[in-house]
Q: 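Below: one structure in structure tokens.
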Amino acid sequence: MIKIDKEVDVIIVGCGPAGSWCAKRLAEYGVNVIVLDRNEEIGTPVRCGEGFSKTIEERLNLKLPSFCIAQKIDGAFIYAPNGKFVEVKGFGYVLERKMFDKWLAIEASNAGAKILAKSYVYDLIKEKGKIAGIKANIVGEDMEIKGKIIVGADGVESMIAKKAGINTTCSPFLVDSGFEYELANIKLRDEKKLEIFLGNEVAPRGYVWIFPKGKNRANVGVGIVGSNEKGARYYLDKFIASREELRKGSIIEVKGGAIPVGGFLRDMVKENVLLVGDAAHQVNPIHGGGIGEAMTASEIAAKVIKKALDKNDSKVLKEYNTLWYKSRGNTLKKIEKLREIVEKLSDDQLNKLAEALEGEDIYDITHGNYLKLVKTLLKLGFKLAGF
Ligand SMILES: Cc1cc2nc3c(=O)[nH]c(=O)nc-3n(C[C@H](O)[C@H](O)[C@H](O)COP(=O)(O)OP(=O)(O)OC[C@H]3O[C@@H](n4cnc5c(N)ncnc54)[C@H](O)[C@@H]3O)c2cc1C
């Protein structure tokens, strides 16, 4: 067996994009960090549409290797319920997330972090009322590891949050349910474009997506409000059945999961425990993209953790709340408000919105500047409190 330190500076639970990126940054700062993930293989199973914007690549100064990219993207077709569409310019990728997550973990490992797959964390160690480490089953063996700081990067159902007493409960209305097939041998309109289908019949409070992964392969999925009685699969199957170019395809992979599309936590820190990524609901509430948000938050978290270690004072960790809200949280909260408005639009209103945006350059909207969308909605006579 490899060497595993029984006492480290930082323990990260979860080796998704949040956990890996936080570990990589911490290791680069010279921090002794260990990351545990319950999955046998980092990156598998995938629960994602795998869309990734170039803006994030630039923001994080990533150099994506070609094996992480299934398809380069240069825009999107956004369809209104009546079938009319708006074409949007915008660059990015559909990732091969299995490879991407693995690559991030290898990058973190190369920087000096210890990564452990098939390592399920089932409890926290408490000493004199303080959290002092984790209890885990590491490749079949029960072990205890002590750490000064614990990071919960363990996804939307964060067990670390619950065990540490960080309240992450939110209304089921703020958690979308996603279901997706990776289909092969299908016909795509344009393999360089994402396709987004809106409408209350197609996807109540959500959308259907076709994210190409090559010439005749794509992730075809749906995200809808989690409280919907029929469930995401019902809407996806209905959509596929209605499309000749899709229903002839083969299912290569089935993916799905919950997407926290709001309900940002006011406090993501409890003593020496801190949450990042989906565990802290750090997802774009309008399109559900969370990879970039998870990694951005991890950059901030890593800086604050380093400072807390240097000062030997876990109270410093609270700065993460302020810094994240300043950098991303306040913007995401605005986007959440906007989503609340858009999700109430009837199909007829969505058609009108698509018509009003026809021929407009809506690159900005798809890249987080929602001002143009707000202005168009106002022009159409919608009441937008808070804008
Ligand atoms: C259907 C669907 C489609 C999506 N599409 C997109 C998209 O196109 N683009 C985009 O940017 N985002 C998308 N997202 C969101 C994106 O997948 C997440 O936001 C992102 O994965 C968050 O990263 P994370 O590291 O916080 O969490 P995760 O990627 O969920 O990683 C958490 C890790 O923690 C591990 N773990 C959990 N509990 C334990 C434990 N007790 N012990 C050890 N390990 C544990 C898990 O095994 C997992 O590997 C989608 C989500 C869904 C469900």
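We count ligands from 1, going down the list as the structure has it; atoms in each ligand are counted the same way. Keep in mind that the numbers below use all heavy atoms, side chains included, and drop hydrogens, waters and symmetry copies.
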Q: Can you label the angle between the F77 ring and the F85 ring as parallel, tilted or perpendicular, going by 30° and 60°?
A: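 The arrangement is perpendicular - the two ring planes meet at more than 60°.
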Q: Could you tell me whether ligand 1 has any atom less than 4.0 Å away from a heavy atom of E180?
A: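 Heavy atoms of E180 never come under 4.0 Å of ligand 1.
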Q: Judged by non-hydrogen atoms, does R97 sit under 4.0 Å from ligand 1?
A: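 Yes, that is the case, since the closest heavy atom of the residue is under 4.0 Å from the ligand.
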Q: Considering only protein heavy atoms, which is closest to atom 32 (C) of ligand 1, and at what distance to one decimal place?
A: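 Ranking protein heavy atoms by distance from atom 32 (C) of ligand 1, first comes A153 O, 3.4 Å.
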Q: Parallel, tilted or perpendicular: which fits the ring planes of F179 and Y181, with parallel below 30° and perpendicular above 60°?
A: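 If you compare the ring of F179 with that of Y181, the planes turn out perpendicular.
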Q: Please state whether Y122 comes within less than 4.0 angstrom of ligand 1, counting heavy atoms only.
A: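 Contact check Y122 vs ligand 1: negative.
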Q: Could you list which atoms of ligand 1 come closer than 4.0 Å to a heavy atom of A258?
A: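 Listed by number with element, the hits are 53 (C).
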Q: Do V33 and L274 sit in the same hydrophobic cluster, where Ile, Leu, Val, Met, Phe, Trp and Tyr count as joined when their side-chain heavy atoms come under 4.5 Å apart?
A: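 Yes, one cluster joins them.
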Q: Below 4.0 Å from ligand 1: does a non-hydrogen atom of K255 turn up there or not?
A: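 No heavy atom of K255 comes that close to ligand 1.
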Q: Just to verify, which of K98, K255, R217 counts as forming a salt bridge (Lys or Arg N to Asp or Glu O under 4.0 Å) with E50?
A: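 Single pass found, and it is K255.
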Q: Number the atoms of ligand 1 from 1 as they appear, then name those within less than 4.0 Å of a heavy atom of G49, with their elements.
A: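 In order of numbering, the contacting atoms are 3 (C), 4 (C), 5 (N), 6 (C), 7 (C), 8 (O).
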Q: Among G155, G223, S158, whose heavy atom sits nearest atom 27 (O) of ligand 1?
A: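 Closest candidate by heavy-atom distance is G155.
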